[in-house]
Peer 1: 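Starting off with a structure, shown below.
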Amino acid sequence: MGWLEQLEQQAAARLPDYVHDYFRCGAGTETTLREDLAAWARPRLRPRVLRDVSRISTATTVLGTPVDTPVLAAPTAQQVAAHPGGEAETAKGAAAVGSLVGVSTNTGVRFADIAAGGAPWWYQVYVMRDRGLTAELVRRASAAGAGALLLTVDLPVVGRREGVADPTSWADESRANRRANFHGIDLTALPADATATAPDIGPDTIGWLRELSGLPVLVKGVLRGDDARRCVAAGAAGVVVSTHGGRQLDRSVPAARALPEVAAALAEERGPDGAPAETYVDSGLRRGEDVLVALALGARAVFVGRPVLWGLATGGSGGVADVLGRLTAELAGAMALTGAPTCAEIGPDLLFDPGT
């Protein structure tokens with residue numbers, strides 16, 4: 001059993017069963033959840049030799065923001081169920097290792113407290129049926145220092161998640177967190193479905209969010225090259241290849257298998273500011289070698305979700321820093337062994353068959 005599997009066991013022992021199940025579960029029969037994990041382990045590496053790897057740097061930039069590692073903390077909902085400090089602790093942990101944090105629409109922590117953690121952060125946006133409520137949250141995130149928006153587009157309806165042991169308890173806790181959510185906005189004055197995700201968003205949503213916030217927009221939940229090009233044509237700065245951690249459409253293509261097509265589709269595309277469009281990926285990355293494979297397949301950086309939750313649950317900000325730091329150290333070791341001393345030198349030639 002690896003260190004991350006042991007960490008999950010420790011987290012499971014600390015969390016109520018229904019909370020651990022909610023974080024762990026996937027959609028349907030969890031086929032995509034399993035295949036996401038397996039797909040990252042499938043590619044084989046072709047190391048270069050006789051290269052100077054006396055100094056390894058995992059530093060890179062993400063939408064122009066310098067980071068010390070391409071391993072970023074994914075936006076995950078209900079982090080206060082893992083630790084009372086929620087995303088504020090996650091931000092502190094990310095800052096300790098020079099990483100970046102994605103912040104969920106469903107955070108239970110004030111933006112100001114997250115910003116005080118010291119890490120750069122991007123706000124993940126679910127466009128809700130109440131567009132005015134969405135707009136207000138985006139404005140507040142922008143004013144509090146968010147550096148970009150992650151428009152999540154793979155949740156027009158919530159996927160069928162069958163793995164929660166006690167759905168009633170989870171629903172009660174989720175509603176309580178949501179009442180404390182939205183930064184002081186009184187939800188009782190809104191219709192019951194106001195915060196439900198909108199099923200009718202289109203490419204024009206990208207421009208609306210850019211104009212509203214003044215921030216670059218990445219579209220999260222893309223698994224097709226043609227969709228990726230449509231997003232950039234509509235004003236996105238790039239996309240995040242994602243299966244939502246296997247929690248939405250079961251039997252969807254694994255993120256690792258979709259990444260090459262999406263990265264190739266955006267290879268010559270440019271965002272609205274003229275900079276090259278950037279491709280990111282999440283879903284199933286668990287080891288530093290997975291991160292190396294993702295960068296070799298065309299990702300600028302990766303987001304990790306559940307591993308960060310296990311670190312948060314077991315050690316707060318220190319646990320988050322340990323998870324992100326260990327994955328980065330594993331990446332650095334893999335870079336040395338493949339003759340790639342910098343992230344810029346990680347390319348498809350390091351993979352035995354980039355198409356797998």
Peer 1: Could you tell me the separation between the CZ atom of R160 and the CG atom of L249, rounded to the nearest 0.5 Å?
Peer 2: 10.0 Å
Peer 1: Roughly how far, to the nearest 0.5 Å, is the CG atom of L149 from the CD1 atom of I206?
Peer 2: 11.5 Å
Peer 1: Report the distance from atom OG1 of T90 to atom CD of Q79, rounding to the nearest 0.5 Å.
Peer 2: 4.0 Å
Peer 1: Take a 6.0 Å sphere around CZ of R131 and say whether it holds more than 12 heavy atoms from other residues, nucleotides or ligands.
Peer 2: yes
Peer 1: Set out, in order, the CA-CA distance, both residues' side-chain angles and the distance that settles side chain to side chain contact (heavy atoms under 4.5 Å, CB included) for M335 and V53, then state yes or no.
Peer 2: CA-CA 8 Å; M335 290 168 66; V53 291; over 6 Å; no
Peer 1: Determine whether the side chains of R300 and T61 contain a donor N or O and an acceptor N or O closer than 3.5 Å.
Peer 2: yes
Peer 1: Output the distance between atom OG1 (T338) and atom CG (L45), rounded to the nearest 0.5 Å.
Peer 2: 6.5 Å
Peer 1: If you group Ile, Leu, Val, Met, Phe, Trp and Tyr by side-chain heavy-atom gaps below 4.5 Å, do V239 and V304 land in one group?
Peer 2: yes
Peer 1: Shortest non-hydrogen contact from G311 to L7?
Peer 2: N-CD2, 3.8 Å
Peer 1: Looking at D290 and R287, does any basic side-chain N land under 4.0 Å from a carboxylate oxygen?
Peer 2: no
Peer 1: To check you understand the geometry: which heavy-atom pair defines the closest contact between D154 and G221, and what is its length?
Peer 2: OD2-CA, 3.7 Å
Peer 1: Are L72 and L297 linked, directly or through intermediate hydrophobic residues, by side-chain heavy-atom contacts shorter than 4.5 Å (ILVMFWY only)?
Peer 2: no
Peer 1: For the OG1 atom of T105 and the OH atom of Y123, what is their distance to the nearest 0.5 Å?
Peer 2: 3.5 Å
Peer 1: Report the distance from atom CG of D36 to atom OG of S252, rounding to the nearest 0.5 Å.
Peer 2: 6.5 Å
Peer 1: Would you say CD of E5 has more than 12 non-hydrogen atoms from neighbouring residues, nucleotides or ligands within 6.0 angstrom?
Peer 2: yes
Peer 1: Do the ring planes of H244 and Y126 sit parallel (below 30°), tilted (30 to 60°) or perpendicular (above 60°)?
Peer 2: parallel
Peer 1: Assess whether a salt bridge exists between R140 and E136, defined as any Lys/Arg side-chain N lying under 4.0 Å from an Asp/Glu carboxylate O.
Peer 2: yes
Peer 1: Going by atom types alone, do S213 and S142 pair a side-chain donor with an acceptor below 3.5 Å?
Peer 2: no
Peer 1: Is the W310 ring parallel, tilted or perpendicular to the H20 ring (thresholds 30°, 60°)?
Peer 2: tilted
Peer 1: Can you confirm whether the side chains of E87 and T107 place a donor and an acceptor under 3.5 Å from each other?
Peer 2: yes
Peer 1: Using modelled atom types and a 3.5 Å cut-off, is there a donor and acceptor pairing between side-chain atoms of S317 and backbone atoms of G93?
Peer 2: no
Peer 1: If you count heavy atoms of other groups shown closer than 6.0 angstrom to CZ of R251, is the number above 12?
Peer 2: no
